[in-house]
Amino acid sequence: MLSEFQLIEHYFKRAPRPDGPARLGVGDDCALLQPVAGETLAISTDMLVEGRHFFPGADPRALGHKTLAVNLSDLAAMGARPLGFTLALSLPAADPAWLQPFSEGLLALADAQNIELIGGDTTRGPLTLCVTVFGSVAETQALRRSGARAGDEIWVSGSLGDARLALGALLGELSLEPASLQIAAERLHRPTPRNALGLALRGIASAAIDVSDGLLGDLGHILDQSRTGAVVHADALPHGLALAQRDLQEQRAMALNGGDDYELCFCAPASLHQQVLDAGRRSQTPVTCIGEVRAETGLLLLDADGQPLSVSPRSYDHFAP
Ligand code: ADP
Ligand code: MG
């Protein structure tokens, strides 16, 4: 049986990169992180709880990826460059068969996104994974939720709805062919944080948020904080490959209200339309214009013929009755 310290040493301690921002990583009372001169720290925490955010027995490698991915996604949505992260881990047992693939999934994404694990905490208890990320952005370039202005275009990255479709299949709400389930489940279990796009949008986007709880609900946060409203073209939303095979009603429901996609929803002045397309190309991330911000508050949802659809933002709420 591994001790707590062997566990940390074996699975989570690595030498800080000589050229990286971590001056001191795992192993002391604190990590030491070098902030970028002239910029501000961007900090965010996201927690995944077994039975709440993932099924008991979930694949540990995918969990390692997702635990970090959902946090990186918050840095992307702020336009912040990733610097480092900490990991607070509550584990029922120190099981190498779980820890090895978990740490591999976690650290593979960390390497791919140039972010170092600099510390954490480890305790015995129900399986809970909590990451805190630290990033860097010039204060004037941070992509706040409050920056949208009437006349801005509304954009979304990548595609929506496949993660919710996979969840529906796993919960037995709907049935999916094996090939579609495989495509959709990849989106649910291994989301792609859009950090390259978030960085490319600095100086272009007026506001941004990552779509974790459903597009309408998350866009609603931008509109509330910006004190604006919007027109959204429901049938212009980019659908995931699996969702594209489903009927129109399901496509609308999953793309508008499904969660767990971790795409970016952002606004930008219409005059910067071409710059947004260029930012998408530079970051190799598809971007789709889905609507416009307007001064009148409230959200107007239109179908392909320009007819209004009823809006039912039902984004996920952990404390909903
Ligand atoms: P302390 O008693 O000072 O809180 P700990 O014994 O909890 O220290 O942790 C020892 C070192 O290991 C610290 O540097 C801490 O940041 C790091 N650490 C603990 N758990 C983890 C983890 N799950 N991942 C990464 N680093 C960890
Ligand atoms: Mg501790």
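Indexing begins at 1, ligand by ligand and atom by atom, following the structure's order.
Every atom of ligand 1 is numbered from 1 in the order shown, and the set under 4.0 Å from a heavy atom of G119 is 16 (O), 24 (N), 25 (C), 26 (N), 27 (C).
Checking T122, L117, V26, D28 against atom 13 (C) of ligand 1, the nearest heavy atom belongs to D28. Residue D121 holds the heavy atom nearest to atom 7 (O) of ligand 1 of all those in V131, D29, D121. Between atom 22 (C) of ligand 1 and the options I8, L7, L87, the minimum heavy-atom separation is to L87.
When the side chain to side chain contact (heavy atoms under 4.5 Å, CB included) test is applied to H189, the partners found at least two apart in sequence or on another chain are A62, L170, A185. Taking the salt bridge (charged side-chain N to carboxylate O under 4.0 Å, His left out) definition, one finds that E9 meets it with nothing, sequence neighbours left out.
Checking only distances, F5 never comes within under 3.5 Å of ligand 1, N or O to N or O. Checked by distance only, ligand 1 and G25 stay at 3.5 Å or farther apart across all their nitrogen or oxygen atoms.
Using modelled atom types, one finds no donor on one side chain facing an acceptor on the other under 3.5 Å when comparing E4 with T122. There is no side-chain donor-acceptor pair under 3.5 Å between R81 and N114.
Using cut-offs of 30° and 60° for the angle between ring planes, the F266 and W155 rings count as parallel.
Contact annotation: Y11 has no heavy atom less than 4.0 Å from any atom of ligand 1.
Scanning all heavy atoms of the two residues, the minimum distance from Y262 to R194 falls at O-CG, 4.1 Å.
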